[in-house]
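Okay, so here's the structure we're looking at.
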Amino acid sequence: MTSPNGPAPAPDDSPLPARPRLIATDLDGTLLHDEKYVSDRTIAALAAAEQAGIEVFFVTGRPARWMDVVSEHVHGHGMAICANGAAVVDLHAGGKLLQVRPLERDTALAVVQALRDAAPGTTFAVELTTGIHYEPTYPPFHQDPGATVATAEKLLQAQAQAQVQEQGAEDESAAPVVKLLAHHPDLTPDGFLTVARTAVGDRATITRSSPSALLEVSGPGVSKASTLALCCAQRGISSDEVVAFGDMPNDLEMLTWAGTSYAMANAHPDVLAAASGRTVTNNEDGVAIVIEQLVARRRADGH
(Lines give C-alpha, C1' and ligand atoms only; values in the text may rest on other atoms or scores of the structure.)
Protein backbone atom coordinates (compact mmCIF):
# COMPACT_ATOMS: atom_id res chain seq x y z
CA MET A 1 0.00 0.00 0.00
CA THR A 2 2.99 2.33 -0.20
CA SER A 3 4.88 3.90 -3.09
CA PRO A 4 8.35 5.52 -3.36
CA ASN A 5 6.64 8.82 -2.59
CA GLY A 6 4.90 7.62 0.55
CA PRO A 7 1.41 6.23 1.28
CA ALA A 8 -0.91 5.56 -1.61
CA PRO A 9 -3.89 7.91 -1.95
CA ALA A 10 -7.23 7.03 -0.45
CA PRO A 11 -9.68 5.25 -2.78
CA ASP A 12 -11.17 8.53 -3.97
CA ASP A 13 -8.02 10.63 -3.47
CA SER A 14 -9.52 12.35 -0.42
CA PRO A 15 -6.97 13.81 2.00
CA LEU A 16 -6.20 11.60 4.96
CA PRO A 17 -6.20 13.09 8.47
CA ALA A 18 -2.79 14.07 9.79
CA ARG A 19 -2.90 12.26 13.15
CA PRO A 20 -5.96 10.03 13.57
CA ARG A 21 -6.41 8.69 17.10
CA LEU A 22 -9.62 6.69 16.69
CA ILE A 23 -11.37 4.72 13.95
CA ALA A 24 -15.14 4.31 14.30
CA THR A 25 -16.64 1.76 11.97
CA ASP A 26 -20.10 0.39 11.35
CA LEU A 27 -20.36 -3.38 10.88
CA ASP A 28 -23.09 -4.63 8.53
CA GLY A 29 -22.58 -3.37 5.00
CA THR A 30 -19.35 -1.67 6.07
CA LEU A 31 -16.73 -3.73 7.91
CA LEU A 32 -18.39 -7.11 7.38
CA HIS A 33 -18.76 -8.85 4.05
CA ASP A 34 -22.33 -9.60 3.03
CA GLU A 35 -21.91 -13.14 4.36
CA LYS A 36 -21.40 -11.59 7.83
CA TYR A 37 -17.73 -12.27 8.41
CA VAL A 38 -14.55 -10.22 8.85
CA SER A 39 -12.03 -10.88 6.10
CA ASP A 40 -8.41 -11.80 6.84
CA ARG A 41 -7.30 -8.52 5.27
CA THR A 42 -9.59 -6.54 7.55
CA ILE A 43 -8.48 -8.49 10.63
CA ALA A 44 -4.89 -7.64 9.82
CA ALA A 45 -5.74 -3.97 9.21
CA LEU A 46 -7.53 -3.65 12.55
CA ALA A 47 -4.56 -5.17 14.36
CA ALA A 48 -2.15 -2.87 12.52
CA ALA A 49 -4.20 0.19 13.48
CA GLU A 50 -4.07 -0.64 17.16
CA GLN A 51 -0.38 -1.48 17.00
CA ALA A 52 0.13 1.98 15.49
CA GLY A 53 -1.69 3.57 18.43
CA ILE A 54 -5.01 4.16 16.67
CA GLU A 55 -7.96 2.99 18.75
CA VAL A 56 -10.78 1.14 16.98
CA PHE A 57 -14.43 1.33 17.97
CA PHE A 58 -17.15 -0.84 16.47
CA VAL A 59 -20.26 1.36 16.24
CA THR A 60 -23.34 -0.59 15.20
CA GLY A 61 -27.08 -0.92 15.32
CA ARG A 62 -26.62 -4.51 16.49
CA PRO A 63 -27.42 -5.43 20.09
CA ALA A 64 -24.54 -6.52 22.30
CA ARG A 65 -25.52 -10.19 22.05
CA TRP A 66 -24.90 -10.13 18.27
CA MET A 67 -21.30 -8.95 18.57
CA ASP A 68 -19.67 -12.39 18.50
CA VAL A 69 -18.91 -11.84 14.81
CA VAL A 70 -16.20 -9.31 15.79
CA SER A 71 -15.48 -10.10 19.44
CA GLU A 72 -12.34 -12.05 18.50
CA HIS A 73 -10.93 -9.09 16.58
CA VAL A 74 -10.99 -6.31 19.18
CA HIS A 75 -7.28 -6.51 20.06
CA GLY A 76 -6.35 -3.92 22.70
CA HIS A 77 -9.51 -1.95 23.37
CA GLY A 78 -12.55 -4.23 23.34
CA MET A 79 -15.04 -1.38 23.18
CA ALA A 80 -18.21 -1.30 21.11
CA ILE A 81 -21.14 1.08 20.80
CA CYS A 82 -24.27 -0.98 20.15
CA ALA A 83 -27.96 -0.44 19.42
CA ASN A 84 -27.31 2.84 17.57
CA GLY A 85 -25.70 4.42 20.61
CA ALA A 86 -27.99 3.10 23.32
CA ALA A 87 -25.36 0.80 24.83
CA VAL A 88 -21.59 0.84 25.34
CA VAL A 89 -20.14 -2.62 25.94
CA ASP A 90 -16.80 -4.21 26.77
CA LEU A 91 -16.27 -7.11 24.38
CA HIS A 92 -13.28 -8.36 26.37
CA ALA A 93 -15.69 -8.89 29.27
CA GLY A 94 -18.19 -10.88 27.20
CA GLY A 95 -20.30 -7.90 26.18
CA LYS A 96 -20.57 -6.39 29.66
CA LEU A 97 -22.73 -3.27 29.63
CA LEU A 98 -20.75 -0.20 30.61
CA GLN A 99 -23.38 2.42 29.80
CA VAL A 100 -27.04 2.38 28.75
CA ARG A 101 -28.96 5.30 27.24
CA PRO A 102 -32.48 3.85 27.33
CA LEU A 103 -35.71 4.68 25.58
CA GLU A 104 -38.17 5.37 28.37
CA ARG A 105 -41.17 3.07 28.27
CA ASP A 106 -43.77 5.82 28.35
CA THR A 107 -42.02 7.47 25.39
CA ALA A 108 -41.94 4.16 23.53
CA LEU A 109 -45.66 3.71 24.14
CA ALA A 110 -46.32 7.19 22.74
CA VAL A 111 -44.26 6.35 19.65
CA VAL A 112 -46.19 3.11 19.15
CA GLN A 113 -49.49 4.99 19.24
CA ALA A 114 -48.22 7.71 16.89
CA LEU A 115 -47.02 5.18 14.32
CA ARG A 116 -50.17 3.08 14.55
CA ASP A 117 -52.12 6.25 13.71
CA ALA A 118 -49.78 7.54 10.99
CA ALA A 119 -48.98 4.22 9.32
CA PRO A 120 -51.66 1.59 9.92
CA GLY A 121 -50.26 -1.90 9.59
CA THR A 122 -47.06 -1.12 11.49
CA THR A 123 -45.87 -3.91 13.76
CA PHE A 124 -43.32 -3.64 16.54
CA ALA A 125 -40.51 -5.35 18.37
CA VAL A 126 -38.98 -4.26 21.67
CA GLU A 127 -35.23 -4.63 22.17
CA LEU A 128 -34.27 -4.82 25.83
CA THR A 129 -30.79 -5.12 27.29
CA THR A 130 -31.72 -8.75 27.91
CA GLY A 131 -33.17 -9.68 24.52
CA ILE A 132 -35.83 -8.94 21.93
CA HIS A 133 -39.60 -9.50 22.02
CA TYR A 134 -42.13 -8.81 19.31
CA GLU A 135 -45.73 -8.71 18.17
CA PRO A 136 -47.42 -11.75 16.59
CA THR A 137 -47.34 -10.30 13.05
CA TYR A 138 -43.84 -8.83 13.28
CA PRO A 139 -41.26 -10.61 11.07
CA PRO A 140 -39.89 -13.27 13.45
CA PHE A 141 -36.36 -13.16 14.81
CA HIS A 142 -35.03 -16.66 14.30
CA GLN A 143 -31.92 -15.73 16.26
CA ASP A 144 -34.05 -15.26 19.38
CA PRO A 145 -36.38 -18.28 19.65
CA GLY A 146 -37.11 -17.55 23.32
CA ALA A 147 -38.70 -14.17 22.65
CA THR A 148 -42.03 -13.22 24.19
CA VAL A 149 -44.74 -12.61 21.60
CA ALA A 150 -47.32 -10.01 22.62
CA THR A 151 -48.60 -6.57 21.65
CA ALA A 152 -46.13 -3.71 21.97
CA GLU A 153 -48.40 -2.13 24.55
CA LYS A 154 -48.15 -5.22 26.73
CA LEU A 155 -44.41 -5.54 26.21
CA LEU A 156 -43.92 -1.90 27.16
CA GLN A 157 -46.26 -1.71 30.12
CA ALA A 158 -44.86 1.21 32.02
CA GLN A 159 -46.21 -0.10 35.32
CA ALA A 160 -44.27 -3.36 35.10
CA GLN A 161 -40.91 -1.76 35.77
CA ALA A 162 -42.10 0.26 38.72
CA GLN A 163 -43.85 -2.75 40.27
CA VAL A 164 -40.79 -4.96 39.95
CA GLN A 165 -38.54 -2.30 41.44
CA GLU A 166 -40.91 -1.84 44.37
CA GLN A 167 -40.91 -5.57 45.00
CA GLY A 168 -37.13 -5.73 44.77
CA ALA A 169 -37.41 -8.68 42.41
CA GLU A 170 -35.39 -9.39 39.30
CA ASP A 171 -37.58 -9.57 36.22
CA GLU A 172 -36.86 -9.09 32.54
CA SER A 173 -39.78 -6.66 32.33
CA ALA A 174 -37.64 -4.24 34.33
CA ALA A 175 -34.76 -4.32 31.85
CA PRO A 176 -34.03 -1.04 30.02
CA VAL A 177 -35.44 -0.61 26.52
CA VAL A 178 -32.58 0.14 24.11
CA LYS A 179 -34.56 0.19 20.87
CA LEU A 180 -38.07 0.02 19.54
CA LEU A 181 -38.29 -1.55 16.09
CA ALA A 182 -41.15 -0.71 13.72
CA HIS A 183 -41.86 -2.66 10.53
CA HIS A 184 -44.27 -1.83 7.72
CA PRO A 185 -45.18 -4.38 5.03
CA ASP A 186 -46.00 -1.94 2.24
CA LEU A 187 -44.25 1.42 2.61
CA THR A 188 -40.82 2.08 1.11
CA PRO A 189 -38.00 2.27 3.67
CA ASP A 190 -37.30 5.98 3.17
CA GLY A 191 -41.01 6.77 2.86
CA PHE A 192 -41.72 5.06 6.16
CA LEU A 193 -38.85 6.94 7.78
CA THR A 194 -40.27 10.28 6.63
CA VAL A 195 -43.76 9.42 7.86
CA ALA A 196 -42.43 8.27 11.23
CA ARG A 197 -40.25 11.31 11.85
CA THR A 198 -43.14 13.61 11.04
CA ALA A 199 -45.49 11.73 13.36
CA VAL A 200 -43.08 11.38 16.28
CA GLY A 201 -41.19 14.69 16.11
CA ASP A 202 -38.50 15.18 18.72
CA ARG A 203 -39.94 12.69 21.19
CA ALA A 204 -37.48 10.05 19.96
CA THR A 205 -34.66 9.48 17.49
CA ILE A 206 -35.74 7.45 14.46
CA THR A 207 -33.42 6.00 11.84
CA ARG A 208 -32.97 2.90 9.72
CA SER A 209 -30.26 0.49 8.60
CA SER A 210 -32.25 -2.28 6.92
CA PRO A 211 -33.06 -2.55 3.20
CA SER A 212 -36.67 -3.20 4.23
CA ALA A 213 -39.15 -0.78 5.82
CA LEU A 214 -37.77 -1.41 9.31
CA LEU A 215 -37.21 1.59 11.55
CA GLU A 216 -35.11 1.80 14.72
CA VAL A 217 -36.31 4.09 17.50
CA SER A 218 -34.03 5.32 20.28
CA GLY A 219 -34.34 7.83 23.08
CA PRO A 220 -34.26 11.52 22.14
CA GLY A 221 -30.73 12.59 21.27
CA VAL A 222 -29.42 9.02 21.27
CA SER A 223 -27.42 8.16 18.16
CA LYS A 224 -24.17 6.57 17.13
CA ALA A 225 -22.70 10.07 16.92
CA SER A 226 -23.78 11.34 20.33
CA THR A 227 -22.54 8.26 22.18
CA LEU A 228 -19.30 8.21 20.20
CA ALA A 229 -18.80 11.87 21.09
CA LEU A 230 -19.24 11.04 24.79
CA CYS A 231 -16.74 8.17 24.59
CA CYS A 232 -14.22 10.33 22.74
CA ALA A 233 -14.60 13.16 25.28
CA GLN A 234 -13.79 10.71 28.07
CA ARG A 235 -10.54 9.90 26.23
CA GLY A 236 -9.64 13.46 25.33
CA ILE A 237 -10.15 12.76 21.62
CA SER A 238 -11.62 15.48 19.40
CA SER A 239 -13.86 14.88 16.40
CA ASP A 240 -11.01 16.01 14.12
CA GLU A 241 -9.00 13.01 15.31
CA VAL A 242 -11.72 10.50 14.37
CA VAL A 243 -12.08 8.60 11.09
CA ALA A 244 -15.54 7.06 10.61
CA PHE A 245 -16.97 4.52 8.15
CA GLY A 246 -20.60 3.72 7.33
CA ASP A 247 -23.19 2.84 4.72
CA MET A 248 -26.74 3.50 5.94
CA PRO A 249 -28.86 6.36 7.34
CA ASN A 250 -28.14 5.35 10.94
CA ASP A 251 -24.50 6.27 10.22
CA LEU A 252 -25.20 9.79 8.94
CA GLU A 253 -24.76 11.69 12.20
CA MET A 254 -21.55 9.82 12.99
CA LEU A 255 -20.10 10.49 9.54
CA THR A 256 -20.84 14.20 9.71
CA TRP A 257 -19.52 14.48 13.29
CA ALA A 258 -16.18 12.81 12.56
CA GLY A 259 -13.39 14.95 11.17
CA THR A 260 -12.86 12.46 8.34
CA SER A 261 -15.51 10.06 7.10
CA TYR A 262 -15.83 7.44 4.39
CA ALA A 263 -18.96 6.11 2.74
CA MET A 264 -18.78 2.64 1.29
CA ALA A 265 -19.36 2.43 -2.46
CA ASN A 266 -22.44 0.34 -1.64
CA ALA A 267 -23.83 3.04 0.69
CA HIS A 268 -27.22 4.74 0.71
CA PRO A 269 -27.27 7.88 -1.50
CA ASP A 270 -27.63 10.16 1.53
CA VAL A 271 -24.53 8.61 3.08
CA LEU A 272 -22.53 9.00 -0.13
CA ALA A 273 -23.49 12.68 -0.18
CA ALA A 274 -22.68 13.30 3.49
CA ALA A 275 -19.29 11.62 3.88
CA SER A 276 -16.08 13.51 3.20
CA GLY A 277 -14.58 10.54 1.36
CA ARG A 278 -15.52 7.33 -0.38
CA THR A 279 -14.00 3.87 -0.40
CA VAL A 280 -14.82 0.66 -2.23
CA THR A 281 -17.53 -1.77 -1.14
CA ASN A 282 -17.65 -3.83 2.02
CA ASN A 283 -17.08 -6.98 -0.03
CA GLU A 284 -13.89 -5.41 -1.42
CA ASP A 285 -12.55 -4.59 2.07
CA GLY A 286 -13.07 -0.85 1.69
CA VAL A 287 -12.45 -0.14 5.38
CA ALA A 288 -9.22 -2.15 5.41
CA ILE A 289 -7.88 -0.29 2.38
CA VAL A 290 -8.21 3.08 4.11
CA ILE A 291 -6.82 1.77 7.41
CA GLU A 292 -3.79 0.37 5.61
CA GLN A 293 -3.12 3.80 4.16
CA LEU A 294 -3.57 5.51 7.52
CA VAL A 295 -1.08 3.13 9.12
CA ALA A 296 1.38 3.43 6.22
CA ARG A 297 1.36 7.20 6.47
CA ARG A 298 1.79 7.07 10.22
CA ARG A 299 4.85 4.86 9.79
CA ALA A 300 6.21 7.08 7.00
CA ASP A 301 5.92 10.06 9.34
CA GLY A 302 7.91 8.19 11.98
CA HIS A 303 5.04 7.58 14.42
Ring pair (Phe, Tyr, Trp, His ring centres under 6.0 Å) contacts in which one or both residues fall within [range], not counting sequence neighbours:
range: residues 204-231; result: none
range: residues 186-227; result: His184-Phe192
range: residues 213-239; result: none

* Pick out which of Glu253, Met248, Met254 makes a side chain to side chain contact (heavy atoms under 4.5 Å, CB included) with Asn250. =>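 Exactly one pass, corresponding to Met248.
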* What orientation do Tyr262 and Phe245 show, parallel under 30°, tilted 30 to 60°, or perpendicular over 60°? ->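 Parallel.
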* Asked: Taking Ser276 for the side chain and Ser261 for the main chain, is one N or O donor matched with an acceptor at less than 3.5 Å?
  ->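 Confirmed, Ser276 side chain pairs with Ser261 backbone.
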* Asked: Nearest heavy-atom pair of Arg105 and Leu156: which atoms, and what distance?
  ->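 Shortest heavy-atom contact: CB-O, 3.8 Å.
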Identify, with sequence neighbours excluded, every residue that meets side chain to side chain contact (heavy atoms under 4.5 Å, CB included) alongside [X].
X: Thr188; value: none
X: Leu97; value: Ala87, Val89, Val100, Thr129
X: Val222; value: Ala86, Arg101, Ser218

* Examine Val149 and Leu214 and state if one hydrophobic cluster contains both, with Ile, Leu, Val, Met, Phe, Trp and Tyr joined whenever side-chain heavy atoms are less than 4.5 Å apart. =>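 As far as the 4.5 Å side-chain criterion goes, Leu214 and Val149 are connected within one cluster.
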* Can you hop from Met79 to Ile81 via hydrophobic side chains spaced under 4.5 Å? ->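 Cluster IDs for Met79 and Ile81 match.
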* Derivation and outcome, side-chain hydrogen bond (donor to acceptor under 3.5 Å, both in side chains), residues Asp247 and Asn282 -> CA-CA 9 Å; Asp247 73 306; Asn282 60 315; over 6 Å; no
* If you link ILVMFWY side chains whenever their heavy atoms are less than 4.5 Å apart, which other residues fall into the same cluster as Leu272? By chain and number, please. =>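 Hydrophobic cluster check, Leu272: no partners found.
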* To do: Would you mind listing the cluster partners of Val271? Hydrophobic ones only (ILVMFWY), side-chain contacts under 4.5 Å, chaining allowed.
  =>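 Leu252, Leu255, all in the cluster of Val271.
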* Asked: Quick one: salt bridge (charged side-chain N to carboxylate O under 4.0 Å, His left out) pairs with a partner in residues 205-224, sequence neighbours left out?
  ->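 As it turns out, the salt bridge (charged side-chain N to carboxylate O under 4.0 Å, His left out) pairs with a partner in residues 205-224, which skip direct neighbours, are Asp26-Lys224, Lys179-Glu216, Asp190-Arg208, Lys224-Asp251.
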* Could you note down all residue pairs passing salt bridge (charged side-chain N to carboxylate O under 4.0 Å, His left out) where residues 225-239 supplies at least one of them, sequence neighbours left out? =>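 Checked against salt bridge (charged side-chain N to carboxylate O under 4.0 Å, His left out) - neighbours excluded - the pairs reaching residues 225-239 are Glu55-Arg235.
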* Pairing residues for Asp285 by the salt bridge (charged side-chain N to carboxylate O under 4.0 Å, His left out) criterion, not counting sequence neighbours ->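 Not a single residue meets the salt bridge (charged side-chain N to carboxylate O under 4.0 Å, His left out) criterion with Asp285.
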* Please list, chain by chain and in numerical order, all residues satisfying salt bridge (charged side-chain N to carboxylate O under 4.0 Å, His left out) with Glu241, sequence neighbours excluded. =>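 If we apply the salt bridge (charged side-chain N to carboxylate O under 4.0 Å, His left out) test to Glu241, skipping adjacent residues, the hits are Arg21.
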